[in-house]
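Bear in mind the structure is a predicted one, so any value in this text is a computation, not a measurement. Lettering follows sequence order; numbering is per chain, from 1.
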2 protein chains.
Amino acid sequence: MAVADFNQIRRSEHLPARIAAQIGREITEGRIAAGEKLPTEHLLAKTFGVSRSVVREAIAQLRNEGLVETRQGVGAFATEFERRQSLRIEHGDPTDQLAFHNLYQLRIPLEIEAAGLAAIHRTSADLARLDETLEQMTGAEKWTEQGIVADLAFHRALATATQNEYFPLFTSFIAERISLAIQAARAKAVLEEIVEVTIAEHVAIRDAVAIGDPVKARQAMRHHLIQAAARLDLALETLQGEIS
Amino acid sequence: MAVADFNQIRRSEHLPARIAAQIGREITEGRIAAGEKLPTEHLLAKTFGVSRSVVREAIAQLRNEGLVETRQGVGAFATEFERRQSLRIEHGDPTDQLAFHNLYQLRIPLEIEAAGLAAIHRTSADLARLDETLEQMTGAEKWTEQGIVADLAFHRALATATQNEYFPLFTSFIAERISLAIQAARAKAVLEEIVEVTIAEHVAIRDAVAIGDPVKARQAMRHHLIQAAARLDLALETLQGEIS
DNA sequence: TCTTGTAAGGTTGTCTGATAACTTTATATG
DNA sequence: CATATAAAGTTATCAGACAACCTTACAAGA
């Protein structure tokens, strides 16, 4: 297959998305203040030169983002900030080193805390799941994408073992973004090395969780993340309490 | 004003939101696999017993969340996970103690780490902003909502001082949810006490940041969060490294 | 004069039906 | 076998109508 590596052709965004983006910008850039009423659907349809259905779909999107709330018979209103239910991270430049570093820095305290809580709360099913992911990791030496998937699965299992629904939600969201950035940077050679070396580090985390030692679990996770950062040539600020 | 303290009447969610929630659950709970095609709009409309417009608005919402992508003439597909740009926390029952506890538990490592990074990276403008929020906090003794706002502002200023764009994004998102839950729980009397006592704790954080001592900043934040939890009658697992 | 009830007007929510635009599959032609 | 065209199916958009709700104005009764 000697075909040039063409980019996927970008489909033009359809009308509701474009209109939602424009209205959304008016709100986030403060030209429509929180609590202020939007123009009526009829007027928006006329202004944008589209049908009312398209306006309604755009408003459905904004409502979903929490930027707008609608009241039947009254109108649509820009929300106060606290109404928003979504946290968005835009797909930025995957090779942006600073963004990568900052996201990694954010992940660290969460993963360390997750390890500690997992050591306290884990069930035997959680432990079995951790072992499964370790097994996948071992078999993933040759396939770097599989290595990433197995690593993600390990961390997700760990966060699940906290018995706190928010940890898997947040750590997975962040971890997957970090993995995407690694893949996009095409550091394939680095990844192979990472997969081979980190198995022992993952096992150390698993073992600390298995014996229910939160301090040791946190230390193992900290060590793993510092080593991983070093392998990715990331300069991190001193971690909590240093390495002890 | 001796009117009883009525709750705001909850409006029932309308159809597109309910349908989007159901389809979204099918996807996030794995019953519709990533890459799999959804039923046609016509079939979904028949199945749910609604008009096609309602289905389209629901799909517009899901599309906005990145859970679904649509191709004209083909159909709607559940996305691969990496397409998703949003992290959602549903407005659950504000008085759900477990959810509150779990969210607070999630917040702790982030705030501690933010304090440490702020001590390293803060500018003089950051410090001025921290002082502003402390001043607001002092003037907020009588008004508990203002106390919450001032507290949120303090923590946001601290997260901003990390010079890592993700910390304010995540900590504010979580903190605002926690504050909403507190307000909904109507712990007004508790809040007044909180505001008075926590000023000293906030000042300790500020001072550690001002002298650029990340270890002391983390300790001060840890102490503050533990005390706040105690005031809210939250039983937390041992924090990282205990109190030293 | 004040309170309650009703009507009118306006706006969102949902429905129905149609056509445009696009994709896929089947069939015909060279 | 390759290419072109037609048919079928699906999403995208349009238009119009009615339902449900909200706000305001006005009338009637105490």
- Return the value, rounded to whole Å, for the distance between atom CZ of B/Phe77 and atom P of C/dT23. 12 Å

- Item | Atom pair distance, as rounded to whole Å: CD in A/Glu57 and P in C/dT12 | 16 Å

- Query: Parallel, tilted or perpendicular: which fits the ring planes of A/Phe170 and B/Phe170, with parallel below 30° and perpendicular above 60°?
  - Reply: perpendicular

- Validation row: B/Leu158, B/Phe167 side chains within 4.5 angstrom (heavy atoms): no

- Item | Residues that B/Arg25 engages under side-chain hydrogen bond (donor to acceptor under 3.5 Å, both in side chains), provided they are two or more places apart | none

- Note on the structure: Side-chain contact check for A/His14: nearest option of D/dT11, C/dT14, D/dT13 is D/dT13

- Task: Answer yes or no: side-chain N or O of A/Gln72 and base N or O of D/dA20 forming a donor-acceptor pair under 3.5 Å.
- Result: yes

- Task: Please list, chain by chain and in numerical order, all residues satisfying side-chain contact (heavy atoms from CB on, under 4.5 Å) with A/Ala45, sequence neighbours excluded.
- Result: A/Val55

- To the nearest angstrom, the NZ-C1' distance between A/Lys37 and D/dT23 comes to 12 Å

- Item | Spacing between A/His42 atom NE2 and D/dA17 atom C1', to the nearest angstrom | 15 Å

- Message: Output the rounded distance in Å from CD1 (B/Ile19) to C1' (C/dG13).
- Response: 12 Å

- Note on the structure: With sequence neighbours left out, the residues meeting ring-ring contact (aromatic ring centres under 6.0 Å, His included) with B/Phe154 are B/His202

- Task: Please name all residues satisfying salt bridge (charged side-chain N to carboxylate O under 4.0 Å, His left out) with A/Glu36, sequence neighbours left out, ordered by chain then number.
- Result: none

- Would you mind classifying the nucleic acid contact of A/Ile59 as base, sugar-phosphate or nothing, using non-hydrogen atoms under 4.0 angstrom? nothing

- Just how far, in rounded Å, is C1' of C/dC15 from CZ of A/Arg56? 11 Å

- Task: Please name all residues satisfying side-chain contact (heavy atoms from CB on, under 4.5 Å) with A/Lys46, sequence neighbours left out, ordered by chain then number.
- Result: A/His42

- Please determine, for the side chain of A/Glu41, which listed nucleotide (C/dT14, D/dA12, C/dT12) has the closest atom? C/dT12

- Give, ordered by number, those residues of residues 44-53 of chain B having at least one heavy-atom distance below 4.0 Å to an atom of DNA chain D; if nothing qualifies, reply none. B/Arg52

- How long is the line joining CG of B/Leu15 and C1' of C/dT16, in whole Å? 16 Å

- Query: Between D/dT13, D/dT11, C/dT23, which nucleotide gets closest to the side-chain atoms of B/Thr40?
  - Reply: D/dT11

- Report yes if at least one side-chain N or O of B/Arg71 is closer than 4.0 Å to OP1 or OP2 of C/dT23; otherwise report no. no

- Nearest to the side chain of A/Arg63 - D/dT13, C/dG13, C/dT24? C/dG13

- By nearest-heavy-atom nucleotide on DNA chain C, the more 5' of A/Pro39 and B/Val54 is A/Pro39

